[in-house]
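Read the numbers this way: they start at 1 and go in the same order the structure lists the ligands and their atoms.
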Amino acid sequence: MPPFIFLILFWFSVFQNSVHFLSANPPASSCSNGAPRISYPFRLNPQQPQQSKSCEVPSGFELFCEKNLTKIYFPSYGDDLVVKSISYPTKRINLLDPRNCVHHVFLNLDLSLTPFRYFYVLKDYTYLNCSTSLSRPFMEVPCMSGSDFHVYTVDPSLPLPASCVAVKTVAVPFEYSPYLADNSLGLGLTWDSPLL
Ligand SMILES: *[C@@H]1O[C@H](CO)[C@@H](O)[C@H](O)[C@H]1NC(C)=O
Ligand SMILES: *[C@@H]1O[C@H](CO)[C@@H](O)[C@H](O)[C@H]1NC(C)=O
């Protein structure tokens, strides 16, 4: 067989395989009217059970419905987060914390074993747990504070006040302003393309 015919046959089979691959992807779906459209690499559980190997999604991309909400579960966080929106062209997923305490998520969510990263540039903050109330530049996190303790986020380079213990230093999206209560600003994540 002349080499160029072999080449044509080769490319034809590559093309056929990719068409087969695309048509084998699960169809788009959603949890309700107006809820985020769920398509590859995400998959809705259990409405789209794994029917065949070609329908398999890379782990970490499973979403599920609770009532009409779309949710995602990160084992490291141990609680559900609500999926507010997904943009496939920009690979951005916006989450909401049902507790309405985005700092609780920043402090506890470990994205390192997931396909996700924060969408925004990160900056290290130290969370302090203090027995007394502090003034600026210490910024209190009301949703994590109690009547007899106060949680603050501070620049890690600041000296530790005597009434405080450092809980943890974590990388928090820099654009997130601690003054803002809308947690959708902080919980924008992006994902790495799964290897096919
Ligand atoms: C979900 O249901 C609640 C009431 O059960 C309703 O207020 C809300 O608008 C619904 N959301 C969507 C996205 O359908
Ligand atoms: C802060 O300290 C209080 C009391 O010691 C404790 O109940 C609370 O869980 C602590 N919070 C954090 C984020 O470490």
Side-chain angles (χ1 to χ4, degrees), residues 31 35-36 38 41-42 45 58-87 90-192:
C31 289
I38 297 166
F42 293 94
N45 255 339
S59 74
F61 289 103
E62 291 86 7
L63 306 178
F64 62 97
C65 298
E66 201 173 276
K67 303 201 177 109
N68 58 3
L69 294 176
T70 315
K71 292 189 164 186
I72 187 164
Y73 177 81
F74 292 105
S76 74
Y77 185 56
D79 208 349
D80 306 334
L81 295 169
V82 175
V83 178
K84 187 184 173 201
S85 59
I86 303 174
S87 165
T90 55
K91 289 193 181 177
R92 177 168 178 171
I93 178 168
N94 288 314
L95 305 178
L96 291 171
D97 171 28
R99 304 178 197 223
N100 222 24
C101 186
V102 68
H103 281 287
H104 185 263
V105 182
F106 290 154
L107 186 58
N108 296 291
L109 178 62
D110 180 3
L111 292 174
S112 62
L113 293 177
T114 75
F116 300 97
R117 286 174 280 120
Y118 285 111
F119 191 84
Y120 292 114
V121 174
L122 303 178
K123 181 181 185 306
D124 278 350
Y125 283 97
T126 299
Y127 286 81
L128 303 181
N129 199 347
C130 309
S131 57
T132 60
S133 202
L134 306 176
S135 51
R136 301 232 298 159
F138 296 96
M139 233 105 55
E140 186 158 359
V141 182
C143 64
M144 294 188 74
S145 300
S147 54
D148 56 350
F149 62 95
H150 306 267
V151 173
Y152 295 89
T153 56
V154 296
D155 191 297
S157 62
L158 286 181
L160 185 67
S163 67
C164 302
V165 292
V167 179
K168 204 174 174 184
T169 297
V170 291
V172 163
F174 183 66
E175 299 218 355
Y176 178 77
S177 159
Y179 294 113
L180 297 173
D182 179 4
N183 62 26
S184 66
L185 288 168
L187 288 179
L189 306 182
T190 183
W191 63 85
D192 294 321

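- Residues Tyr152 and His103 place their aromatic rings such that the two centres sit no closer than 6.0 Å.
- Defined by atom type and a distance below 3.5 Å, a donor-acceptor pair is missing between the side-chain atoms of Asp124 and Thr169.
- Within 4.0 Å of ligand 2, the residues that place a heavy atom are Asn129, Met144, Phe149, Val167, listed by chain and number.
- Under a 3.5 Å cut-off, the side chain of Lys168 and the backbone N or O of Tyr127 do not form any donor-acceptor pair.
- Judged by the 6.0 Å distance and 45° axis criteria, Lys123 is positioned over the aromatic ring of Tyr125.
- Proximity of the aromatic rings of Phe61 and Phe116 is defined here by a centroid distance below 6.0 angstrom, and this criterion is met.
- Here the rule is side-chain contact (heavy atoms from CB on, under 4.5 Å) with Leu95, and of Leu189, Asp80, Leu109 only Leu189 fits it.
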